[in-house]
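Here is the structure we will look at, set down as structure tokens.
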Amino acid sequence: MHALNSPVALALHGGCGVMAKHEMSPQEWQAARDDLQAALTAGWAILQRQGSALDAVQAAVVVMEDSIYFNAGYGAALNANAEHELDASIMDGATLAAGAVCAARHIRNPILAARLLLEGGDAVLLTGDGADAYALSQGLTCVEADYFTTPRRIEALTKMREHQTAGTLKSAREAEKHGTVGAVALDSLGHLAAATSTGGYTNKPVGRVGDSPIIGAGTYARDGVCAVSGTGQGELFIRHVFAHDIAARMLYGNESLEEAAQHLIMGTFREQGVGAGAIAIDGQGKVSAPFNTLGMFRGWVNADGSAVVASHQEEYSFAMKVLGTAD
Ligand code: ASP
């Protein structure tokens, strides 16, 4: 059905819970952008070798899960018990196959467990202990829970508890609250894929599951339409079936990717004061990355290898190595 050598494209986000500029040093901002660039490079290398969109989004998310700067895997947010409960999902736009884990406590890279579930086909979503046991049985690296904990997340939990006691939760900064990572890709066969991974929001109730592992809410991919990964207060994304809503607007309402992706984020969510963002890609490789917060870690590569990473408004361009033209 799809021609070989469709243009390839890749986009990712590192969450819309970005700190104010003064809260990190220039070196730290640079290091966070370097990690975004490394995630793009990992995914792009796969697409350049005519690898699959699924492999590309997985590779990009693994790099961000391993980075201290993003709320997923290492450096994930802490819940109300000062514990980590990790959510992740991945979806194949070609077959609508999907895999997800939620409230996992020990899987070093939750996206890898989600991918194995996608391939296995027995269950789409595994929870908590079941997810951890599955990952272990499949030979994935499992770690002690404190592997995920960083001083910044402990500080964020302390601040959120203070806000709770003082009744000032509404004034908590986005960075104290949440974050997520995600990637979307179009491969050379014209297939789309999406992946999302998160620690959820800081001080979330024990057992709370957000939108990221819910197919159609935080993650969705359908060939010929779009692939989407969201970030922001998951409850709203679930209630609006956010990622599938974008696909439906395009498929049934003939909206462009940009119109569909902006609709909830710059409309209803913004009007309700809900910090939100997303990355989305269409069947031609066009990218949209709307956000209504101060910033969103994001990046993308166009078919010609021109690439961008950003945290706030300024975008930093660079040339991604294109196979055959550079080493
Ligand atoms: N969507 C994530 C959740 O609700 C959090 C975020 O992206 O900020 O779990």
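Atoms within each ligand, like the ligands themselves, are counted from 1 in listed order.
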Consider side-chain contact (heavy atoms from CB on, under 4.5 Å). Of Thr202, Thr198, Leu86, which one does Asn71 pass it with? Thr198

Taking only non-hydrogen atoms of Gly218, do any sit less than 4.0 angstrom from ligand 1?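 Flag not set, Gly218 not near ligand 1.
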
Test of understanding: given a 4.0 Å heavy-atom threshold, classify the contact between Glu85 and ligand 1 as side chain, backbone, both, or neither.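 It is neither part, as no heavy atom is under 4.0 Å.
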
Filter on side chain to side chain donor-acceptor pair (under 3.5 Å), then keep only pairs touching residues 273-291, sequence neighbours left out; what's left?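 Matches after skipping sequence neighbours: Glu258-Ser288.
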
For ligand 1, which atoms, with element, lie under 4.0 Å from some heavy atom of [X]?
X      : value
Gly200 : 9 (O)
Gly179 : 5 (C), 6 (C), 7 (O), 8 (O)
Thr231 : 6 (C), 7 (O), 8 (O)

Mutual orientation of the aromatic rings belonging to Phe242 and Phe237 [parallel < 30°, tilted 30-60°, perpendicular > 60°]: tilted

Minimum non-hydrogen distance to atom 3 (C) of ligand 1, winning option of Asp87, Asp211, Thr198: Asp211

Considering Ser212, Gly232, Gly210 one by one, which has a heavy atom nearer to atom 1 (N) of ligand 1 than any of the others?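 The option holding the nearest heavy atom is Gly232.
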
Is there at least one pair of N or O atoms, one from [X] and one from ligand 1, spaced under 3.5 Å apart?
X      : value
Glu235 : no
Thr180 : yes
Arg208 : yes

With sequence neighbours left out, what residues match Tyr147 under side-chain contact (heavy atoms from CB on, under 4.5 Å)? Asp66, Tyr74, Arg108, Val143

Is a side-chain donor-acceptor pair under 3.5 Å present for Ser52 with His191? no

Counting C-beta onward and ignoring hydrogens, is there a side-chain heavy-atom pair between Ile107 and Leu112 closer than 4.5 Å?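 No, every pair of side-chain atoms sits at 4.5 Å or beyond.
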
Output field: ring centroids His240/Phe269 closer than 6.0 Å: yes

